[in-house]
Every structure is written in C-alpha cells, then in structure tokens.
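The next block holds one structure in the form of structure tokens; read it before the comments.
Atoms considered below: every heavy atom in the structure, side chains included; atoms not considered: hydrogens, waters and symmetry mates.
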Amino acid sequence: ITVGILFVSGAANLILSQVRQETVTYSANYPLLVVFTGLVSALPSFLLWFKEEPTKRQCHIRMFLHFAAVELIVMVEGFFLGWYRDIVGALILFVIILLVYLLVYVHAYFTNKDTADAINEALLRFNCEEEDEQIKL
C-alpha cells in the first residue's frame with residue numbers, strides 16, 4: 001500500500017508541477033524518506049493482527065482504523081515534506097491514498113476469494129472420495 005501511495009503521489013506531484021509550471025526537486029535524502037515512510041506506515045498493520053478469529057464487524061472496524069492511520073501518517077509527513085502546498089493538493093493526495101488503498105483491497109479480496117474457492121473445491125472432492133470409500137467398506 002505504502003509503495004503504491006508513494007509512487008502515485010510522486011507521479012501526481014510531477015503532473016501538478018507541470019500544470020502549475022513549477023520545478024520539482026527531490027533532495028538526496030528522498031530514498032531514505034521513502035524507506036522511513038514505509039516503516040512508519042507499516043506500524044498500523046498490527047491493527048490487522050488478530051489473536052483469535054475476528055468477527056466481520058471487528059475486521060471492518062480494524063480495516064477502517066488501518067486506512068485512517070496510514071492516511072494520517074502519509075498526510076502529516078507529506079505536509080512537513082512539502083508534498084502539497086494548499087487544500088487542493090491535500091485533497092488530491094487524500095484521494096490518491098484512498099484510491100491506492102481501495103485498489104489493493106479489491107486485489108487482495110479477489111485473490112483471497114480465488115484461493116478460498118480452490119480450497120473449498122479441494123475439500124469437496126476430498127469429502128466425496130471419503131464418502132465413496134466408506135460406502136465401499
């Protein structure tokens with residue numbers, strides 16, 4: 001999520017700078033800032049760790065809290081690093097982060113759904129084979 005956010009945010013900054021006819025410069029520390037952002041943004045992932053099986057509601061609440069935490073971290077860091085200068089830039093960054101988060105969520109959902117379907121099919125085949133063997137006995 002963080003890599004996608006940083007990549008799309010950087011591209012948006014370049015596009016906006018062309019529209020505003022500004023020059024964009026990145027300091028030599030920028031790669032370290034990307035790594036730092038990744039590390040700090042990974043911390044909210046602990047919100048998604050469950051000791052026991054969560055309810056659907058608990059999962060949704062924690063996912064919202066995770067999104068809010070990642071959004072807040074990147075927005076605050078973006079403010080201090082000058083990734084946006086005004087409310088329009090802040091809204092654009094907010095929407096970019098939201099879209100990246102949603103795209104990653106949708107991708108993970110369909111990937112996990114395909115995996116779950118494959119497991120369920122294998123279990124059905126296994127159970128049918130078990131029933132066939134019990135009938136033969």
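- Here Glu71 contributes atom CD and Tyr101 contributes atom OH; the two are 10.5 Å apart, rounded to the nearest 0.5 Å.
- With rounding to the nearest 0.5 Å, the separation of CG in Leu98 from CZ in Phe67 is 4.5 Å.
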List the atom pairs, with distances to 0.1 Å, where a side-chain N or O of residues 111-124 and a protein N or O form a donor-acceptor pair under 3.5 Å, not counting sequence neighbours.
{"unit_1": "Thr111", "atom_1": "OG1", "unit_2": "His107", "atom_2": "O", "d": "2.8"}
{"unit_1": "Asn112", "atom_1": "ND2", "unit_2": "Ala108", "atom_2": "O", "d": "3.2"}
{"unit_1": "Lys113", "atom_1": "NZ", "unit_2": "Asp117", "atom_2": "OD2", "d": "3.3"}
{"unit_1": "Thr115", "atom_1": "OG1", "unit_2": "Thr111", "atom_2": "O", "d": "3.0"}
{"unit_1": "Asn120", "atom_1": "ND2", "unit_2": "Ala116", "atom_2": "O", "d": "3.3"}

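- By the side-chain contact (heavy atoms from CB on, under 4.5 Å) test, Leu99 is found to be paired with Val95, residues two or more places apart in sequence or in another chain being considered.
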Distance-only donor-acceptor pairs under 3.5 Å for side chains of residues 73-80, two or more places apart:
{"unit_1": "Glu77", "atom_1": "OE1", "unit_2": "Thr37", "atom_2": "OG1", "d": "2.7"}
{"unit_1": "Glu77", "atom_1": "OE2", "unit_2": "Thr37", "atom_2": "OG1", "d": "2.5"}

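- The same ILVMFWY cluster, assembled from side-chain heavy atoms under 4.5 Å apart, contains both Leu93 and Val104.
- A distance of 9.0 Å separates CG of Leu91 from CG of Asp86, quoted to the nearest 0.5 Å.
- Partners of Ile61 by side-chain contact (heavy atoms from CB on, under 4.5 Å), not counting sequence neighbours, listed by chain and number: Arg57, Leu65.
- Cluster annotation: Leu72 is connected to Ile92 through the hydrophobic network of ILVMFWY side chains, with a link wherever side-chain heavy atoms come within less than 4.5 Å.
- Put simply, CD on Glu53 and CD on Gln58 are 9.5 Å apart, with the number rounded to the nearest 0.5 Å.
- Not counting sequence neighbours, the partners of Val106 by the side-chain contact (heavy atoms from CB on, under 4.5 Å) test are Phe110.
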